[in-house]
Protein chains: 2
Amino acid sequence: MSSNQKIDKRIKRTKKALQNALITLMQSHDFKAITITDIVKHADYNRGTFYKHYKYKEELLEDIIEEVIKDLVDSYRQPYQDTDSFTFNSLSASAVKIFEHVYAHANFYQLIIQSNALPGFHKRISNELKKLPLQDLAEIEPSPDIDPELHASYQAYAIFGMIMEWVEGGFKLTPAYMADQLLEMLKFSPVNSRFKIRSDLEK
Amino acid sequence: MSSNQKIDKRIKRTKKALQNALITLMQSHDFKAITITDIVKHADYNRGTFYKHYKYKEELLEDIIEEVIKDLVDSYRQPYQDTDSFTFNSLSASAVKIFEHVYAHANFYQLIIQSNALPGFHKRISNELKKLPLQDLAEIEPSPDIDPELHASYQAYAIFGMIMEWVEGGFKLTPAYMADQLLEMLKFSPVNSRFKIRSDLEK
DNA sequence: TTTGTTAGTGAACATCTGTTGAATAAATCT
DNA sequence: AGATTTATTCAACAGATGTTCACTAACAAA
């Protein structure tokens, strides 16, 4: 069933060991400060072995991320599992499952996002966008032609944005509440939105 | 008017030179492959000088980004400039201005996003989210209590998502069209959305 | 213009990087 | 089981890193 296409035992063992070593080191050290030498010393492997599998730390990290993403996708699909016709429940449940997945890997997400593994470009620019009163943008004459690719990217990043907010807020909200909020956003009709210019343009 | 609080001429000169050197090198080399030595050699400064101002390449890059973001904010605020009451035109115009800003700095955005300056975590996870049929999530009973912080982050990342799609599509769309699409998204009433499960769950 | 301050230089250092080659160990295949 | 393939080791290398030092050159303030 799984794609275990004859991968050498040693490779699996080594990669797992290196992954664990990196995760462990990231608990206590900034990502940038962790050296390849640190990782292999901690995992008790030769430095050359690292370079046989990875070009740099980031590649090792992406390998780790890959597994978490697998679980994310699985989580999303769970409600659909034994259904071949659509029900609202399964759809709503999928939303919940996504946030439950993140919650289950809370430590990991916190680690990835807070460590400067991703030099904060998207964080930086998103934070700036957040300051702008974009929420007030609304209410124009209709026309139902939305580019599906743009819309997909819009939605994907929007949810990622919710997750970022959740993570950086220290997971104070429950997964159920997060899912609820997402559904709320989606049904949010901009007709209701109040129009006023923010007067607080300080800094 | 500007916050030029007596910064040593030499610092400005040096930083600008280093920034220019990095940008130039990024045109032809992968970010990861550019060394500090490369940068200072290209800018004709001593290596120690680099470390007096920056800890690592990423910090230098963030300095560059900062200026672009300044222009982004300025662009957004332009339509509001001489207005103290809200008009739809100024709001719509702000949306246009954002995308015009990105378009004006197309090379820069392409450079930043395509170079692996930001190890592709958000890219990776967002792409995965894009594959999930999240657009179909919709149509639930009403309730108008949306967490403003979550909503802000949702919106900010959503727009960032549009920009990402635009950039990676090679800027084939016009800024006006992008702005139009954004406004379309915002007014998009999910009541219209068709409900069906994707049957293509390959891979 | 002089004085105090600080940015930039050049050199040196230990450490880390990325790569290589020959030897060894552990896996896979028949 | 033995034969073959290949992952891992160890040592060595040139180059890059990150830090420090005393020296000088350029700037700011008076």
Protein-nucleotide distance (A:Lys15, atom NZ; D:dA7, atom P), rounded to Å: 10 Å

Nearest-angstrom distance from the residue atom CZ of B:Arg47 to C1' of D:dT20: 12 Å

Side chain A:Arg10 and base C:dA27 donor-acceptor under 3.5 Å: no

Side-chain donor or acceptor of A:Ser126 paired with backbone N/O of B:Ala156 under 3.5 Å: no

Distance below 4.0 Å between B:Thr35 side-chain N/O and D:dG15 OP1 or OP2: no

Side-chain N,O (B:Arg13) to OP1/OP2 (D:dC27) below 4.0 Å: yes

Earlier contact from the 5' end, DNA chain D, for B:Lys57 and A:Tyr45: A:Tyr45

Sugar-phosphate, base or nothing in reach of A:Tyr56, heavy atoms under 4.0 Å: nothing

Non-hydrogen atoms of A:Tyr45 and A:Ala17 that approach each other most closely: CE1-CB, 3.7 Å

C:dT15 phosphate, OP1 or OP2, under 4.0 Å from A:Thr37 side-chain N/O: no

B:Tyr51 side-chain N/O to D:dG18 phosphate OP1/OP2 under 4.0 Å: yes

Separation of atom NZ in B:Lys12 from atom P in D:dC27, rounded to whole Å: 12 Å

A:Asp8 with A:Arg10: basic N within carboxylate O range, under 4.0 Å: yes

Touch class at under 4.0 angstrom, heavy-atom based, for A:Asp8 against every strand present: sugar-phosphate

Nearest-angstrom distance from the residue atom OH of A:Tyr54 to P of C:dT19: 17 Å

Between C1' of C:dT19 and CD1 of A:Ile36, the distance in whole Å: 13 Å

Sugar-phosphate only, base, or nothing, as touched by A:Lys9 at under 4.0 Å among non-hydrogen atoms: sugar-phosphate

Residue closer to the 5' end of DNA chain D, A:Thr49 versus B:Asp38 (nearest nucleotide): A:Thr49

B:Ile7 CD1 to D:dA29 C1', straight-line distance once rounded to whole Å: 17 Å

B:Lys55 NZ to D:dT19 C1', straight-line distance once rounded to whole Å: 13 Å

A:Tyr109 versus A:His101, side-chain donor and acceptor atoms under 3.5 Å: yes

Exercise: do A:Asp38 and A:Thr35 side chains pair donor with acceptor under 3.5 Å: yes

A:Asn46 CG to C:dA26 P, straight-line distance once rounded to whole Å: 15 Å

